[in-house]
Amino acid sequence: MSYAEYLAAIGPEIALTIAALLVMSIDALWPRSVRAIPWIGIAGLLVTLAMLPMFRAERVAFSGLLVIDPLAVLFKVIALISVILVALLSISHRPLRGFHEGEYHTLLLFFAVGLMFLVGAAHLLMIYLALEMVSLAAYLLTGHLKLDPRSSEAALKYYLFGALCSGLFLYGASILFGLTGTLHLDGIAEAVRASGLSAALLAALVLMLIGLGFKIAMVPFHLWAPDAYEGAPTPITALLSVASKAGGFAVLLRVLAVAFPLEALDWQPMLWVLCVVTMSLGNVIAVRQGNIKRLLAYSSIAQAGYVLVGVVLMRQTPAGLPSAMIYLIAYLFMNIGAFAVVIVVSNALGSDKIEDYRGLARRAPLASASLAVFLVSLTGIPPLAGFIGKFYLFAATIDAHAYWLAVIMGVNSVVAAFYYFRVVRAMYLDAGKSEEPIGTARPLQVAVGVTLLGTFVIGVWPQPFLLFAAALPLGF
Amino acid sequence: MTEPASLLAWIAFVCLVAVTVGSAVLVVTLRNLFHAVLALIASLLGVAGLYLMLLAEFVAAIHVLIYVGAVATLFLFVIMLTVRIDDAALRQSNRQVIPAIALCGAGLALLLAALLAAPWTPVEEIRPPGVQQIGHDMLTTYLLPFEVVSLLLLVALVGAVTLARREDQRT
């Protein structure tokens, strides 16, 4: 491959890197232009998003270190849309106003660059580096409000837990390298097929699962999530719960589907247990939360459990992977939307307590209605995106004859409905202390509008998403 | 193990492991943090020795340069500049030390059992990679990771500056 072809393979990534460097330089050279900085970043993200279709050709680049396949492109779209929405949320989040916004948006863009490399990585070295880039930016963004002790505490916990987990991931990767003699995922698969199951292979898988489980906040590696989600600036909470998880899922899918062939090592029972524990524990603990960010943190742990259902079943039924992807896309819109309304409320009230949501419907009718839509969608009620996602996950379980999984998911959805509707009840049925109307800043209106649109469109007209997801090749 | 050369290598290996593990234990048990960092340096030097035994001279040199030279020095600076912890004797463990040791011990035993029985893929030819070879690989096969590392360092740099910058207390 010539250098020109190398450059062509990662055109969108290069464009986004240039945007990040541009934001950084503008912030350094013209400090007065601080109002324009987030918009430059968003423009860069939009350009990158528009470039993606041009670089969709299925190919392997950089001697097999990076693949550009439909799955990677889909994950890149998810990553870019969520980062754009998070950038919009950040503009109006009051505590972030005027507080090193240049550095904040630079880090946000580099987070997106790392994520784009992560979802296409097909080589353990590349996976590790991209994972570190994403994590490092995420730690820094979590602790960005350094004058707020909760933000610093969140970042510290996230960082310590993350450092441990990435160390374990590396250890697992090194064992895998010792067993197979290669770092390429497909090369690993060949060697694993030839040598068959061994205890060391199992150890490698478990160690790598810990590292990736940390990223998607899978139980029992979720312990950092509630504190980190609560303390982080709210837009970053949305980022961690959607973009960061999507990246973790991309690697998990690739590692499980490519590097660990089922005939050598049946990882399905282990993942089945993790999936069930993840959704159940997340939902049960969410019931008792009094802070909306903590509630959404536990809810997002449970949601990751639902996505895992599709991952567990991806080798048993062709519906597995598409259902996981559709759920992830639906989750992107409804979860970021919910956080957008949380920011609207916290800007006005300075509080994230659910008791302060009482009577909100009178003070902010549109915001309350939007939050109600997002929560109903997270519950999985038609005609919204969450319903379509759950519907296809259930269809996949039935298709794979995994009836127990379907039953457990059904029970979980009922438990989840309980705490989602508690928030809706507080907004609509309980009387509030004040009747003073709450305004919504323009960027937040845009973000809520886009996420609402996504939630409704996927719910009412899911065919294009289904067709695209169903065409995803599983062998990569 | 009969040849004198391999016997010598074995002895060197055991010594290096003893230094590495012994000082690692000291790192987590010593009460004076300053001494703990010194033990950490010894442990890291032991690891560098292991790299040398594996014919990875370049990695060994970089390891000494970065970990012993830069990281450990940084640790010492932090300890000396942090007011409260430079001389006090601190307990490094809490009440959960015994369950933690039991759990880690069990994990270690399982891992050892797995690793000792593992069907490793041996490397066919051992060629000590020279600096030239590494440089060549970095700009051809591993061009992308090389560039991504530079972005990673930039992220770390921007973050470190943002976090370390003095603020006028406004909140």
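Protein chains get the first letters and strands the later ones, always in sequence-line order, with residue 1 at the start of each.
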Please classify the contact between [X] and chain B as side chain, backbone, both or neither, with a heavy-atom cut-off of under 4.5 Å.
{"X": "A/T182", "answer": "neither"}
{"X": "A/L179", "answer": "both"}
{"X": "A/L201", "answer": "neither"}
{"X": "A/L107", "answer": "side chain"}
{"X": "A/L202", "answer": "neither"}
{"X": "A/T180", "answer": "backbone"}
{"X": "A/A137", "answer": "both"}

For atom [atom1] of [X], is the number of surrounding heavy atoms from other residues, nucleotides or ligands below 6.0 Å larger than 12?
{"X": "B/F75", "atom1": "CZ", "result": "no"}
{"X": "A/Y159", "atom1": "OH", "result": "no"}
{"X": "B/Q133", "atom1": "CD", "result": "yes"}
{"X": "B/L112", "atom1": "CG", "result": "yes"}

Min side-chain heavy-atom separation [X]-[Y] under 4.5 Å:
{"X": "B/V155", "Y": "A/V113", "answer": "no"}
{"X": "B/T141", "Y": "A/F62", "answer": "no"}
{"X": "A/Y104", "Y": "B/T162", "answer": "no"}
{"X": "B/V161", "Y": "A/E103", "answer": "no"}
{"X": "A/I175", "Y": "B/W120", "answer": "yes"}

Quiz prompt | Which atoms of B/A156 approach chain A - backbone, side chain, both or neither, heavy atom under 4.5 Å | solution = both
Quiz prompt | Residues of residues 144-151 of chain B contacting chain A, heavy-atom criterion under 4.5 Å, by residue number | solution = B/L144, B/P145, B/V148, B/V149, B/L151
Would you compute the distance between atom [atom1] of [X] and atom [atom2] of [Y] and round it to the nearest 0.5 angstrom?
{"X": "A/H100", "Y": "B/R165", "atom1": "NE2", "atom2": "CZ", "result": "4.5 Å"}
{"X": "A/M24", "Y": "B/L154", "atom1": "CE", "atom2": "CG", "result": "4.5 Å"}
{"X": "B/Y142", "Y": "A/M126", "atom1": "OH", "atom2": "CE", "result": "12.0 Å"}

